[in-house]
Number of protein chains: 2
Amino acid sequence: MTRTVPAPLPPDLFDPDCPVPTVPVLGGKKWAWRILRCLEGGPRRFSELRVPLVGITAKVLTESLRSMEQDGVLERTEFAENPPRVEYALTPLGRTLLGPMDAVCDWSRANLAELLAAREAFELAER
Amino acid sequence: MTRTVPAPLPPDLFDPDCPVPTVPVLGGKKWAWRILRCLEGGPRRFSELRVPLVGITAKVLTESLRSMEQDGVLERTEFAENPPRVEYALTPLGRTLLGPMDAVCDWSRANLAELLAAREAFELAER
DNA sequence: CCGTATCCTACAGGATACTG
DNA sequence: CAGTATCCTGTAGGATACGG
């Protein structure tokens, strides 16, 4: 009788048609998660978002917000005032993302030290 | 008395020195999460990984594996055989990543339809 | 205040060929 | 089998200037 080997990995383990890997909100965008976090406590204005998002340019913030709006995780509201006012708020869909996002953030906080230590050890081992 | 407004976002909401955003395993790498998933069931060989990771080149797979090894989430073991054999396996640290990863994947599965619908609605609204 | 319009750069990722 | 070595390209992201 042959020895039991682990099942080989199926070639179709990942659906090539699945658009999830390309969903920007899932990591493709540098700022998306932070923006989500900024909106956690309620709607925020464009200029308000620029404060904690240190270094972001208007162009990139606009692009990020548009992309997330397109994905339905946030909503853009323009008020017909002068000077103009625009508010961004999480949609219910966007709000459901906070849970998984927290899971990842918690992991980072809990394991950052170990990860950095691993990096150092790796560099030492290279010489 | 003034009306209560939401607290302004603090400028230091995100630590500029925090290396988490640059941690490749957290989304910066296109293939990292899939590789993690491939190793979930036990150690795998280089060529074995190439099967489900359709379209990945040897160079990119090597780079991804090295980067993840450096971060301490997987371990590379070289056997002194001929032909050569190399196995990649999750470390305990890497295994702790599976939980948060599942949370995100579950979210994707549960909300993909809604997200795609939002994209379509957005495109329609643009015209 | 809230963007848009250009231009530019860095780097992840890929194509192809070759090697211990 | 498990990679390196080159070369190349696409695009996210940034700098700067201007517009409604």
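By convention in this document, chain letters (A, B, ...) are assigned in the order of the sequence lines, proteins followed by strands, and residues within each chain are numbered from 1.
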*Can you list the steps and then say if B:Glu78 with B:Arg76 is a salt bridge (charged side-chain N to carboxylate O under 4.0 Å, His left out)?*
CA-CA 7 Å; B:Glu78 201 174 337; B:Arg76 180 180 184 276; 3.1 Å; yes
_B:Lys30 NZ - C:dC11 C1' separation (whole Å)_ = 14 Å
*Is it true that A:Asp102 and A:Arg37 have a side-chain N and a carboxylate O under 4.0 angstrom from each other?*
yes
*Between atom CG in A:Leu61 and atom C1' in C:dG3, what is the gap in whole Å?*
10 Å
*asked:* Check B:Glu63 with B:Lys59, please: is the shortest side-chain N to carboxylate O separation under 4.0 Å?
replied: yes
*Side-chain N or O of A:Arg45 less than 4.0 angstrom from OP1 or OP2 on C:dC2?*
yes
*Any side-chain N or O of B:Ser47 less than 4.0 Å from the OP1 or OP2 oxygen of D:dA2?*
yes
_Any donor-acceptor N/O pair, B:Ser64 side chain to B:Ala32 backbone, under 3.5 Å_ = no
*Just how far, in rounded Å, is C1' of C:dG13 from CG of B:Leu53?*
14 Å
*Once each nucleotide of nucleotides 3-10 of chain D is scored for protein heavy atoms under 4.0 Å, what B/S/- sequence comes out, 5' to 3'?*
BS-B----
*asked:* Is there a side chain to side chain contact (heavy atoms under 4.5 Å, CB included) between B:Ile35 and B:Leu74? Walk through the geometry before answering.
replied: CA-CA 10 Å; B:Ile35 291 172; B:Leu74 62 77; 4.2 Å; yes
*Rounded to the nearest angstrom, tell me the gap between atom CH2 in B:Trp33 and atom P in C:dG13.*
15 Å
*With nearest nucleotides of DNA chain D determined for A:Pro84 and A:Glu63 from heavy-atom distances, which residue corresponds to the more 5′ nucleotide?*
A:Glu63
*Once you round it to whole Å, what is the distance between P of C:dG13 and CD1 of B:Ile56?*
9 Å
*Test side chain to side chain contact (heavy atoms under 4.5 Å, CB included) on A:Leu93 and B:Trp107 and set out the steps.*
CA-CA 10 Å; A:Leu93 177 61; B:Trp107 184 91; 3.8 Å; yes
